[in-house]
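Below you'll find the structure, written out as structure tokens, and then a few comments.
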Amino acid sequence: MKYSKEEVMQYVKEDDVKFIRLAFCDVFGKQKNISIMPDELPRAFEYGISFDASAIAGFGDETQCDLLLHPEAETLTLLSWRPEHGKVVRMFANITYPDGTSFECDTRSLLKKAVADAETFGYRFAFGAEQEFYLFQLNEDGSPSAIPYDYAGYMDIAPEDRGENIRREICLTLEQMGIRPESSHHEEGPGQNEIDFRYSDALTAADHAMTFQTVVKTVARRNGLWADFSPKPLEHQPGNGFHINMSLNPWMDSDHLSYMIAGILEKVKEMTVFLNPTPDSYRRLGEHKAPGYVSWSSENRSQLVRIPAAVGEYRRAELRSPDPTANPYLTFALLIYAGLDGLERRLQLPKPSNLNLYKADAETLSRYQKLPQDLDSAYNLALTSEFIKNHVPAAILDIYGNA
């Protein structure tokens with residue numbers, strides 16, 4: 001349900017809400033928030049709530065440190081794990097300067113712009129996210145250990161799969177927040193799990209991806225566990241992927257699908273630093289079903305982009321290189337612009353790679369472009385890219401370069 005400002009204030013007054021969290025994220029996608037009391041809500045809607053941006057990496061320094069958060073009423077959701085009496089709700093917020101101009105490092109606003117730009121050409125992109133995470137036991141002092149919660153394998157069931165009840169609690173909590181998971185299962189790694197989402201518009205899908213990590217970490221901690229979304233938590237085990245399914249409305253025929261994919265393949269190396277923003281991201285790529293080359297195929301999970309077996313409205317493209325440390329707002333915005341470029345130029349796809357790239361010989365692999373092998377290489381490609389220059393503010397690119 002989408003609320004108006006008046007409905008939010010009425011809900012807060014009548015339903016014993018004591019704290020309102022205004023949520024946003026930094027340029028790397030790390031969620032932040034500030035809590036306000038109900039009496040401050042009218043001011044938040046009218047003028048915004050100021051915060052010290054200099055304390056957030058890349059948001060400014062002490063000479064220009066005040067930014068304002070403006071809550072979006074339609075994103076209101078109850079944090080169901082908080083106390084029933086004295087409820088806590090959350091709204092996502094837009095970030096502006098004191099004069100009302102949009103803050104250039106507000107990646108949620110960047111995604112809004114990408115969506116609007118696509119609509120001017122008559123396209124609407126939809127996204128479905130698949131995020132993987134590990135569950136680890138805690139040490140005696142409550143800190144994370146390297147001991148997996150279980151040693152089950154892909155799609156195993158209880159009792160080997162000890163994460164079954166954790167995933168159930170996560171899915172039920174998400175449903176209470178108005179978010180509908182599509183499926184969940186144990187992944188290949190020990191203690192590794194995956195929960196997939198239904199398709200949504202780009203902004204909703206990015207908001208859900210942010211909420212998902214918060215819910216998973218909260219539920220895990222309540223059960224005496226640690227949820228790890230990092231790209232490569234365990235050596236010699238599968239890394240965590242953030243597989244992104246994309247579809248296009250109202251045209252998702254083979255031609256439009258191929259143009260969209262061709263645009264993404266052409267630009268993917270230039271935007272990899274934003275899809276894989278940590279040094280450990282590059283330890284994941286190229287093994288355990290994580291792609292290492294620029295390629296595509298139907299159904300084949302050794303490829304960068306695959307076309308899953310589906311028909312009609314469920315036909316989609318799946319990008320397999322991103323990991324959960326990526327900022328979903330920035331990631332989805334870049335994918336929209338790359339897909340849109342392919343659509344407008346009617347880019348042609350190269351031939352599909354109907355082979356297992358993990359078992360291919362060196363001569364075969366030499367025919368494919370490699371994804372960047374490390375963070376510095378990925379950043380340098382972005383730095384010299386006209387595509388990135390056109391769609392990523394210089395301030396954000398600088399922040400990634402200084403991380």
Side-chain angles (χ1 to χ4, degrees), residues 19 21-35 56-57 75 77-83 87-92 108 129-150 161-181 184-187 189-197 205-234 237-243 277-278 280-281 284 322-329 331:
F19 297 94
R21 293 186 182 177
L22 308 185
F24 63 103
C25 69
D26 65 17
V27 297
F28 296 103
K30 182 174 177 58
Q31 189 163 317
K32 309 284 186 179
N33 71 229
I34 184 171
S35 290
I56 298 173
T75 66
T77 188
L78 176 70
L79 301 187
S80 56
W81 61 86
R82 302 303 298 158
K87 295 175 182 175
V88 181
V89 297
R90 183 214 65 200
M91 287 179 284
F92 286 104
R108 193 169 184 272
E130 303 173 5
Q131 292 199 59
E132 297 168 336
F133 59 95
Y134 275 78
L135 291 174
F136 290 108
Q137 298 180 38
L138 297 178
N139 292 319
E140 290 183 1
D141 62 359
S143 61
S145 76
I147 303 172
Y149 186 46
D150 63 36
D161 172 19
R162 298 181 64 192
E164 188 176 84
N165 286 336
I166 306 296
R167 295 195 303 275
R168 176 181 178 274
E169 187 175 342
I170 290 167
C171 289
L172 291 176
T173 301
L174 290 168
E175 280 195 330
Q176 290 173 343
M177 300 176 72
I179 300 172
R180 299 176 66 190
S184 67
H185 59 86
H186 199 285
E187 257 296 338
Q192 190 182 29
N193 299 266
E194 179 179 310
I195 296 177
D196 304 339
F197 287 95
D207 285 346
H208 286 178
M210 294 292 296
T211 302
F212 174 69
Q213 291 201 16
T214 300
V215 170
V216 170
K217 292 174 182 177
T218 299
V219 171
R221 195 72 184 198
R222 286 199 315 193
N223 285 273
L225 300 169
W226 175 261
D228 191 329
F229 283 91
S230 64
K232 194 71 172 175
L234 294 175
Q237 294 293 344
N240 285 324
F242 177 20
H243 302 153
T278 71
D280 278 353
S281 298
R284 167 183 164 265
D323 65 64
T325 59
N327 179 331
Y329 301 107
T331 297

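Atom set for the values below is all heavy atoms of this structure, side chains included, hydrogens, waters and symmetry mates excluded. Not measured: the values here are computed from a predicted model.
The closest donor-acceptor contact from the side chain of Q192 to the backbone of G189 lies under 3.5 Å. Within the 3.5 Å criterion, the main-chain N or O of N193 finds no donor-acceptor partner in the side chain of R167. Side chain of N139 to backbone of P144: a donor-acceptor contact under 3.5 angstrom is found. Side-chain atoms of Q213 come within 3.5 Å of backbone atoms of P324 as a donor-acceptor pair (strictly under, hydrogens ignored). A donor-acceptor contact shorter than 3.5 Å links the side chain of R162 to the backbone of Y149. Panel note: side chain N327, backbone V27; a donor-acceptor pair is recorded below 3.5 Å.
Applying the side-chain contact (heavy atoms from CB on, under 4.5 Å) rule to A206 yields the partners L111, P328, Y329, F332; only residues at least two apart in sequence or on another chain are considered. For S230, the side chain to side chain donor-acceptor pair (under 3.5 Å) partners at least two apart in sequence or on another chain are D228. Partners of T278 under the side chain to side chain donor-acceptor pair (under 3.5 Å) rule, at least two apart in sequence or in another chain, are S281.
Side chains of L135 and W226 form no contact here, defined as non-hydrogen atoms less than 4.5 Å apart. Considering only heavy atoms from C-beta on, F24 comes within 4.5 Å of I56 through its side chain. Residues L225 and F136 have side chains not in contact (no heavy-atom distance under 4.5 Å, counting atoms from C-beta outward). Looking at F133 and I170, their side chains come closer than 4.5 Å, going by heavy atoms from C-beta outward. At a threshold of 4.5 Å between non-hydrogen side-chain atoms, the residues F92 and T77 do not count as touching. Residues L79 and R21 are in side-chain contact: their nearest non-hydrogen atoms beyond the backbone lie under 4.5 Å apart. E130 places a side-chain heavy atom less than 4.5 Å from the side chain of E194. Within the 4.5 Å cutoff, the side chain of T211 has heavy atoms near those of the I179 side chain.
Minimum heavy-atom separation, Q237 to P190: OE1-CD, 3.3 Å. For the residue pair S145 and Q137, the shortest heavy atom distance occurs at OG-O, 2.6 Å. Looking at every heavy atom in both residues, G239 comes nearest to E132 through O-OE1, 3.4 Å. Pairing each heavy atom of W81 with each of V215, the nearest pair is CZ3-CG2, 3.7 Å. The heavy-atom pair separating D150 from G191 by the smallest distance is OD1-N, 2.9 Å. Heavy-atom minimum distance, A326 versus T331: CB-OG1, 3.6 Å.
Taking CZ of R180 as the reference point, atom CG of L174 lies at 12.5 Å (rounded to 0.5 Å). Taking CZ of R168 as the reference point, atom OG of S184 lies at 11.0 Å (rounded to 0.5 Å). Interatomic distance, CD of Q31 versus CE of M210, reported as 4.5 Å (0.5 Å rounding). Residue N223 holds its CG atom at 11.0 Å from OG1 of T218, rounded to the nearest 0.5 Å. Rounded to the nearest 0.5 Å, atoms CZ (R90) and CG (L22) are 11.0 Å apart. Distance check, rounded to the nearest 0.5 Å: CG of D141 to OG of S143 gives 3.5 Å.
In the model, D196 has no side-chain atom that pairs as donor or acceptor with a side-chain atom of H185 under 3.5 Å.
Between D207 and R108, at least one side-chain nitrogen of the basic residue sits less than 4.0 Å from a carboxylate oxygen of the acidic one, meeting the salt-bridge criterion. A salt bridge links R222 and E169; the closest N-O separation between the charged side-chain nitrogens and carboxylate oxygens is under 4.0 Å.
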Check the pair V216 / F229 against side chain to side chain contact (heavy atoms under 4.5 Å, CB included), numbers first and verdict last. CA-CA 10 Å; V216 170; F229 283 91; 3.7 Å; yes
Take I195 and Q131 through the test side chain to side chain contact (heavy atoms under 4.5 Å, CB included) and record every step on the way to the result. CA-CA 6 Å; I195 296 177; Q131 292 199 59; over 6 Å; no
Given side chain to side chain contact (heavy atoms under 4.5 Å, CB included), test M177 with L78 step by step and report yes or no. CA-CA 6 Å; M177 300 176 72; L78 176 70; over 6 Å; no
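Ring-centre distance between F212 and F197: below the 6.0 Å cut-off.
Applying the 6.0 Å contact sphere to CZ of F19 captures no more than 12 heavy atoms from other residues, nucleotides or ligands.
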